[in-house]
Amino acid sequence: MKNVYVAVDIGASSGRLMLAECDENEHIKLKEIHRFKNGFKKNDGHDRWNIDYLIHEILTGLTKVKATGYQQVYLGIDTWAVDYVLVGEDGHKLADPISYRDNRTVHAISDLTSDLPKNYLYQKTGIQFLDFNTLYQLYEENQDLLGKTDKIMMIPDYIGYVLTGQSVTEVTNASTTQMLNLRAGLFDEDLLKKINVHDSQFSKLVEAGTYLGTISDHWMKSFDLPATKVITVATHDTASAVVGTPGVGENWAFLSSGTWSLLGKELNTPENGQAAFENNYTNEWGAYGTYRFLKNIMGLWIAQCIKRDLGNCYSFSELASMAAQEKPFQQFIDINDPRFIKPFNMVDEIQMYCRETHQTVPRTPSEIMIAVYSNLALFYANEVQKLDQILDCKLTTLNIVGGGSNIALLNQMTSTLAKVDVVAGPNEATAIGNVLVQMISTGDVADLKVGREMIGQSFDLNHFVPETDKYSGILKSYQDFLKGRSKELA
Ligand SMILES: Nc1ncnc2c1ncn2[C@@H]1O[C@H](COP(=O)(O)OP(=O)(O)OP(=O)(O)O)[C@@H](O)[C@H]1O
Ligand SMILES: C[C@H](O)[C@H](O)[C@@H](O)C(=O)CO
Ligand SMILES: [Mg+2]
């Protein structure tokens, strides 16, 4: 009997259970079984995720799998990065996890690096400086709570623990903490000491593809579930997205385009030299001993906030169609400006930014959306150039995956500005990468290379090529604008 696989993929904006099987042509057949909203809410003084709700949604999705007639499945869990749950001696969570968008870490990098030089920290870890990395969250953590903590579990590891009773720390997500020592391949003792955390407060580090256990009887008695074997996949959703990237092109890079845009290249050895440090690139660990050399770009979080600020009157595809009616590049915006991390109102913030920089202020929903897409495309193109310089290579193709791969206008602008081919899709690359690690772990698929070939044959990919001589000079003007802004804000 053929194996059946379930991917639990929970991003910052939404979660889903996807069911996957291989058909007689070795094509991966993917079916959405259950989708649910995600998001943080203010609770007990901080922005927190509702982890119990997420676990309940997973169990609800699994009952739908059983109701569809599947008696036994494999399952993998991937979620967003850096956030964690504190678990007490009694094995239960001490509090709901705080979101990385909470304000508590806004000064953490300067505080923690006052006597720990940034380039020394970067040499040790190779991880980009984002003030919400786990290192800074734990530095700012409630010390009383930390003192009562038996285990610190990353979100997907915690979910696996609640479902199976087994606790591990999977490396792709552990690397986003900025606490793993690149050379040793372990948590860095000096950094743990710096934040009053002990090595024993983390469960053992495991690679993606490690068998975790079966869903415990407690849940089997409470829900009508299929017999479920849990495999620890590449539990950082971006790591799964990279596994699920078809990898089309002679010299390809990836852009995992969702709440965040993660633009980078899969490497076999880390790149933590001076140029990478100065451009704040990261070496998150990937599956199968690879490194995800990438940068966090603000991404479609901005679109999500605009959609909310407009009262959710428009779908994302309607907003994209409206944007296509407008002229692009009417204003330049540094979309990675920290002011866009969590403004009270994104529409107001973008309009204020344009006023402050003496530019045309976008007014209508379509003007605002074309401003966002134009500047995302410009930012992407600028980073593709930086990747070429840092890695001393010439990228030929950008594989765009995730929800953002649905935006043809953005794909085309990116291809033209970056002067690379764009291969867009699959939009559910994260879930596909999740199940692919499971399939490799059971032996159904030989390895990552074969798996990526299967992805290319199983899912529709859309191709975009640069429109020559269009928008010439605009990228250089944008780069000058960014240089001017960084001087102004220095
Ligand atoms: N048809 C579409 N037209 C325009 N935008 C779209 C479309 N489909 C998805 N998107 C964009 O993709 C985003 C969601 O991407 P995705 O589903 O990859 O995110 P997620 O997995 O829910 O969250 P995370 O990025 O945290 O993993 C939406 O916020 C929206 O901006
Ligand atoms: C906060 C992290 O940078 C974020 O989770 C990103 O890595 C990601 O996983 C987006 O889906
Ligand atoms: Mg996602």
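Both ligands and their constituent atoms are indexed starting at 1 by order of listing.
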[X] side chain to [Y] main-chain N or O, any donor-acceptor pair under 3.5 Å?
{"X": "Glu367", "Y": "Met369", "result": "no"}
{"X": "Thr228", "Y": "Val73", "result": "no"}
{"X": "Asn279", "Y": "Ala275", "result": "yes"}

Exercise. Is it the side chain (CB and beyond), the backbone, both or neither of Asp237 that lies under 4.0 Å from ligand 1, heavy atoms counted?
Worked result: side chain
Problem set entry | For ligand 1, the portion of Thr259 having any non-hydrogen atom under 4.0 Å away | both
Quick one: look up the protein heavy atom nearest [atom] and list residue, atom name and how far away it is.
{"atom": "atom 3 (O) of ligand 2", "value": "Asn296 ND2, 2.8 Å"}
{"atom": "atom 17 (O) of ligand 1", "value": "Arg16 NH2, 3.1 Å"}
{"atom": "atom 9 (C) of ligand 1", "value": "Gly403 O, 3.3 Å"}
{"atom": "atom 26 (O) of ligand 1", "value": "Ala12 N, 2.7 Å"}
{"atom": "atom 2 (C) of ligand 1", "value": "Asn406 CB, 3.7 Å"}
{"atom": "atom 28 (C) of ligand 1", "value": "Phe316 CE1, 3.7 Å"}
{"atom": "atom 29 (O) of ligand 1", "value": "Gln304 NE2, 2.8 Å"}
{"atom": "atom 20 (P) of ligand 1", "value": "Ser13 OG, 3.5 Å"}
{"atom": "atom 9 (O) of ligand 2", "value": "Asp237 OD1, 2.5 Å"}

Short N or O distance, [X] and ligand 2, threshold 3.5 Å exclusive:
{"X": "Thr238", "value": "yes"}
{"X": "Glu284", "value": "no"}
{"X": "Ala81", "value": "yes"}

For this session: Work out whether the distance between some heavy atom of Thr259 and some atom of ligand 2 is less than 4.0 Å.
Result: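 The answer is no: ligand 2 sits nowhere under 4.0 Å from a heavy atom of Thr259.
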For this session: Examine Tyr158 together with Tyr84 and report whether their ring centres are nearer than 6.0 Å.
Result: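 Between Tyr84 and Tyr158, which both carry aromatic rings, the centre distance is not below 6.0 Å.
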Exercise. Is the ring centre of Phe40 less than 6.0 Å from the ring centre of Trp80?
Worked result: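 Not under 6.0 Å, so no.
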Exercise. Would Lys307 count as a cation-pi partner of Phe316, with NZ or CZ less than 6.0 Å from the six-membered ring centre and within 45° of the ring normal?
Worked result: yes
Exercise. Distance under 6.0 Å and angle within 45° of the ring axis: does Lys118 meet both against Phe129?
Worked result: yes
Show the atoms of ligand 2 that are less than 4.0 angstrom away from any heavy atom in [X].
{"X": "His236", "result": "6 (C), 7 (O), 8 (C), 9 (O)"}
{"X": "Phe132", "result": "1 (C), 3 (O)"}
{"X": "Trp260", "result": "4 (C), 10 (C)"}

Exercise. Any nitrogen or oxygen of Gly402, main chain or side chain, under 3.5 Å from a nitrogen or oxygen of ligand 1?
Worked result: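 No, Gly402 has no N/O under 3.5 Å of an N/O on ligand 1.
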For this session: Looking only at distances, please establish whether an N/O atom of ligand 1 is found under 3.5 Å from an N/O atom of Asp9.
Result: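 The answer is no, given that Asp9 and ligand 1 share no N or O pair closer than 3.5 Å.
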For this session: Go through the side-chain N and O atoms of Glu428 and Thr430 and say whether any donor and acceptor fall under 3.5 Å apart.
Result: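 The criterion, which ignores hydrogens and geometry beyond distance, is not satisfied for Thr430 and Glu428.
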Angle between ring planes, [X] versus [Y], binned at 30° and 60°: parallel, tilted or perpendicular?
{"X": "Tyr281", "Y": "Phe293", "value": "parallel"}
{"X": "Tyr471", "Y": "Phe329", "value": "perpendicular"}
{"X": "Phe277", "Y": "Tyr122", "value": "tilted"}

Exercise. Are Lys307 and ligand 1 in contact, using a heavy-atom cut-off of under 4.0 Å?
Worked result: no
Sidechain N-carboxylate O distance under 4.0 Å for [X], [Y]:
{"X": "Lys342", "Y": "Asp47", "answer": "yes"}
{"X": "Glu383", "Y": "Lys295", "answer": "yes"}
{"X": "Arg339", "Y": "Glu349", "answer": "yes"}

For this session: Mind listing the closest non-hydrogen atom pair of Glu141 and Leu86 along with its distance?
Result: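 That would be CD-CD1, 3.8 Å.
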For ligand 1, which atoms have a heavy atom of [X] less than 4.0 angstrom away?
{"X": "Ile407", "value": "4 (C), 5 (N)"}
{"X": "Gly404", "value": "12 (O)"}
{"X": "Gly258", "value": "15 (O), 18 (O), 19 (O), 25 (O)"}

For this session: Please state which part of Trp80 comes within less than 4.0 Å of ligand 2, counting heavy atoms only: side chain, backbone, both or neither.
Result: both
